[in-house]
Amino acid sequence: MAEGELKDMEQFFDDLSDSFSGTEPEVHKTSVVGLFLRHMILAYSKLSFSQVFKLYTALQQYFQNGEKKTVEDADMELTNREEGERKMEKEELDVSIREEEVSCSGPLSQKQAEFFLSQQASLLKNDETKALTPASLQKELNNLLKFNPDFAEAHYLSYLNNLRVQDVFSSTHSLLHYFDRLILTGAESKSNGEEGYGRSLRYAALNLAALHCRFGHYQQAELALQEAIRIAQESNDHVCLQHCLSWLYVLGQKRSDSYVLLEHSVKKAVHFGLPYLASLGIQSLVQQRAFAGKTANKLMDALKDSDLLHWKHSLSELIDISIAQKTAIWRLYGRSTMALQQAQMLLSMNSLESVNAGVQQNNTESFAVALCHLAELHAEQGCFAAASEVLKHLKERFPPNSQHAQLWMLCDQKIQFDRAMNDGKYHLADSLVTGITALNSIEGVYRKAIVLQAQNQMSEAHKLLQKLLIHCQKIRNTEMVISVLLSVAELYWRSSSPTIALPVLLQALALSKEYRLQYLASETVLNLAFAQLILGIPEQALSLLHMAIEPILADGAVLDKGRAMFLVAKCQVASAASYDPLKKAEALEAAIENLNEAKNYFAKVDCKEQIRDVVYFQARLYHTLGKTQERNRCAMLFRQLHQELPSHGVPLINHL
């Protein structure tokens, strides 16, 4: 056949059909060989002319490769070489043939190709690290498509592969090709009649909308979504319309009335028996209500209802998302202990040990989110070694080229930034701002303003914070609005204008109370107490501190615990000014105890600038109490740190 012409192959398949005819056929139809031959004839009959020609070309190539190998083997036997050399050369030949087989030089069968595609798609969803690298996978797909360009599933996997590397052009190209091939091959219309053609069109538009939304092209996404809705309405496809409704919410979630769409979507999804979509809707509704400041107990009740749906329908992926969502909500409300518990629950549900290929390995986004929260929570408590271990594990689980790597990259940069700021290395913190901005522009601008403020560039920091405040108010990012207001207030009192800081702090307190952001509310109260201390009313400041200190000591970061204790000590000293000598000495002793506690907290996060302020203050107090030895020890520590760190005026200490 290979040495002849195309008609010889056609003749071979015609003769095969005759082997079943007659009273005593050569092969029985129901035998193993008969079933195989019938399967082969059927597959051949389905091929188009171009595919028949490609099959013949592949057959010729296969024959020539085999012949060449036979000739080479014969030549090798004839040559009089040493035994060792001949053996080594044969191994090299085997390796080259093996590599040729792996790189799909010959066409894969339909079943082999389908298995390869389903396996890679499953790995991309559940454990991206075990899938082929983007370049290798694309090479394999190109080889598959070279033999069969109408293989729709290969185009879809190519689309998923291009999404991994954020290639908007290639992913759009592959997605359009997938739906084109789906319509051309008639795969849909054969199973669903004429309805299949319209189904492909509306889902093509819906997928295109999702793709544009992922890359932030919201205008194009809206146009594609309108097209999908129009076709779905014409076909009366309620399932497709439900998906469109969910995406409408995603596109319009910044609008104040978007929750109406979401509630309607959840009701409809339950009505049409779409548990996955209904659960995602509940999760989104909970997220929106959390940002709107609803109470935690109501949100947890809603998540409990969605968890019942997950367990009932075995939606394991959504169980993970739900736990990750709970972790994020507890952190938003400033309950770090509860957040830690939820993150560890997710990790204990999905063991980090490697499992069999058949078992779902959870390398999903929710897993990455939980681990990032865990790293940040450890860093806040000064456990930097534990945080770096978590980040190291994240880097192994989600390599830099994977789609969820941006989560740990941002987390790592933020932890490094905080450590540099604590250590007084502002130049290092400034260099990290670029990386943070690339991953999250709002966070990057905020951190840049903090660095400028620390470097005493007050006017530049103020301009940046004002721009950021307007932007965050526009996009309704309440958490960042409060953080910016606190930074603006700090900027005012550092510029010796505490009276201007008070209305800003009261605005921040009103917002944090309204949105139930307990941790930010406590931080705002600390700032208010500090402003009152500067204004000369320490008794009022001390009573305010008693309100705020409990949640900070229970759930706060180590740095904030240190600041709170330092402020308590300052207020105690300021209040003791009017006391009689005996009572004053007791108050100063209590203040020294609090300063020791503050110093221990600052030492945990290696915050040398704050330690310097504490030992200076302690030296002054010991001097007042006449404890010369302790005073000298603190004075020596202060001198060492003062020489090491940049010197700028310490607010309030000079005032006192």
Side-chain angles (χ1 to χ4, degrees), residues 121-131 210 239 242-243 246 249-250 262-263 265-291 294 296-333 335-377 390 393-394 397-398 402-404 407-408 411:
S122 174
L123 288 171
L124 283 184
K125 184 185 175 189
N126 299 319
D127 192 1
E128 201 180 324
T129 50
K130 289 199 175 114
V239 175
Q242 275 313 110
H243 284 282
S246 301
Y249 161 71
V250 173
L262 200 52
E263 285 174 352
S265 169
V266 172
K267 285 174 191 170
K268 284 282 187 183
V270 171
H271 175 71
F272 290 113
L274 302 167
Y276 193 92
L277 214 54
S279 178
L280 278 178
I282 294 168
Q283 300 276 2
S284 299
L285 206 54
V286 165
Q287 191 183 71
Q288 194 188 55
R289 294 285 162 86
F291 288 133
K294 300 294 176 189
N297 62 329
K298 286 181 181 175
L299 300 181
M300 292 303 154
D301 281 345
L303 284 173
K304 185 185 73 182
D305 294 341
S306 73
D307 284 344
L308 289 171
L309 263 178
H310 304 155
W311 293 111
K312 186 181 174 183
H313 297 280
S314 301
L315 301 169
S316 56
E317 186 186 344
L318 291 179
I319 294 166
D320 300 343
I321 291 172
S322 177
I323 296 172
Q325 181 100 294
K326 286 174 191 170
T327 309
I329 288 168
W330 284 123
R331 273 206 80 195
L332 180 72
Y333 286 160
R335 303 280 186 174
S336 59
T337 315
M338 292 300 296
L340 200 62
Q341 182 209 38
Q342 291 295 330
Q344 286 172 340
M345 189 192 290
L346 181 58
L347 300 189
S348 62
M349 277 179 67
N350 299 286
S351 172
L352 301 185
E353 294 170 17
S354 56
V355 288
N356 298 329
V359 180
Q360 183 179 346
Q361 182 72 289
N362 204 336
N363 274 9
T364 52
E365 187 180 13
S366 49
F367 194 81
V369 167
L371 280 169
C372 285
H373 279 305
L374 211 56
E376 285 181 357
L377 287 164
V390 175
H393 181 76
L394 268 164
R397 282 272 167 186
F398 303 93
S402 64
Q403 55 187 333
H404 303 311
L407 293 167
W408 65 254
C411 176

Participant: If the condition is salt bridge (charged side-chain N to carboxylate O under 4.0 Å, His left out), which residues does R335 pass it with, not counting sequence neighbours?
Facilitator: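 Salt bridge (charged side-chain N to carboxylate O under 4.0 Å, His left out) list for R335, sorted by chain: empty.
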
Participant: Do D307 and H310 touch side chain to side chain, with heavy atoms closer than 4.5 Å?
Facilitator: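 Sidechains of H310 and D307: in contact.
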
Participant: Using the test side chain to side chain contact (heavy atoms under 4.5 Å, CB included), find all partners of Q344 that sit at least two apart in sequence or belong to another chain.
Facilitator: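 Applying side chain to side chain contact (heavy atoms under 4.5 Å, CB included) to Q344 gives L340, L374.
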
Participant: With side chains defined as the heavy atoms from C-beta onward, is the minimum distance between I329 and V286 less than 4.5 Å?
Facilitator: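 When only atoms from C-beta onward are counted, V286 and I329 do touch, with a gap below 4.5 Å.
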
Participant: Donor-acceptor pairs under 3.5 angstrom involving side-chain atoms of residues 266-275: please list them, not counting sequence neighbours.
Facilitator:
none

Participant: C372 and L394: side-chain contact (heavy atoms from CB on, under 4.5 Å), yes or no, with the steps?
Facilitator: CA-CA 8 Å; C372 285; L394 268 164; 3.9 Å; yes

Participant: Tell me whether S284 contacts the main-chain N or O of L280 through its side chain, where contact means a donor paired with an acceptor under 3.5 Å.
Facilitator: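 Side chain of S284 to backbone of L280, a donor-acceptor pair under 3.5 Å: yes, one is there.
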
Participant: Any side-chain hydrogen bond (donor to acceptor under 3.5 Å, both in side chains) involving residues 297-306? Give me the pairs, sequence neighbours left out, ordered by first then second residue.
Facilitator: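 Every pair satisfying side-chain hydrogen bond (donor to acceptor under 3.5 Å, both in side chains) with a residue in residues 297-306: T295-N297.
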
Participant: Of all the heavy-atom pairs spanning L407 and A368, show the shortest one and how long it is.
Facilitator: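 Heavy atoms only, the tightest pair is CD1-CB, 3.8 Å.
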
Participant: How long is the span from the OG1 atom in T364 to the NE2 atom in H404, to the nearest 0.5 Å?
Facilitator: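 Result: 6.5 Å between the selected atoms.
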
Participant: Compare every heavy atom of L377 with every heavy atom of S336, then report the nearest pair and how far apart it is.
Facilitator: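 Taking every non-hydrogen atom into account, CB-CD2, 3.6 Å.
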
Participant: With sequence neighbours excluded, give me every salt bridge (Lys or Arg N to Asp or Glu O under 4.0 Å) pair touching residues 366-377.
Facilitator: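 Listed once each, the pairs are R331-E376, E376-K414.
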
Participant: Quick one: does L309's side chain get under 4.5 Å of I282's, heavy atoms only?
Facilitator: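 With C-beta onward as the side chain, the pair touches.
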
Participant: Hey, can you tell me if F398 and F367 have their rings parallel, tilted or perpendicular (30° and 60° cut-offs)?
Facilitator: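 F398 and F367: tilted rings.
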
Participant: Just so I know, are the side chains of L347 and L371 near enough to count as touching, which here means a heavy-atom distance under 4.5 Å?
Facilitator: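 Touching, per the 4.5 Å side-chain cut-off.
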
Participant: Considering all heavy atoms of both residues, which atom of M300 and which atom of K326 are nearest to each other, and what is their separation?
Facilitator: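 Smallest heavy-atom distance, with atoms named: SD-CG, 3.9 Å.
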
Participant: Treating Q342 as the side-chain partner and A324 as the backbone partner, does any N or O pair qualify as donor plus acceptor under 3.5 Å?
Facilitator: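 Side chain of Q342 to backbone of A324: no pair is present.
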
Participant: Taking all non-hydrogen atoms of both residues into account, name the closest pair between A290 and L332 and its distance.
Facilitator: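 Shortest heavy-atom contact: O-CD2, 3.9 Å.
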
Participant: Specify the closest pair of heavy atoms between V390 and A375, including all atoms of both residues, with the distance to one decimal.
Facilitator: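 Taking V390 first and A375 second, the nearest heavy atoms are CG1-CB, 3.9 Å.
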
Participant: Rounded to the nearest 0.5 Å, what's the gap from CD on Q287 to CG on L299? Could you check?
Facilitator: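 The CD atom of Q287 sits 11.0 Å away from the CG atom of L299.
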
Participant: Who passes side chain to side chain contact (heavy atoms under 4.5 Å, CB included) against A296, sequence neighbours left out?
Facilitator: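 By the side chain to side chain contact (heavy atoms under 4.5 Å, CB included) rule, A296 matches W330, Y333.
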
Participant: Rounded to the nearest 0.5 Å, what separation is found between the OG atom of S279 and the CG atom of L318?
Facilitator: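 One gets 4.5 Å once the value is rounded to the nearest 0.5 Å.
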
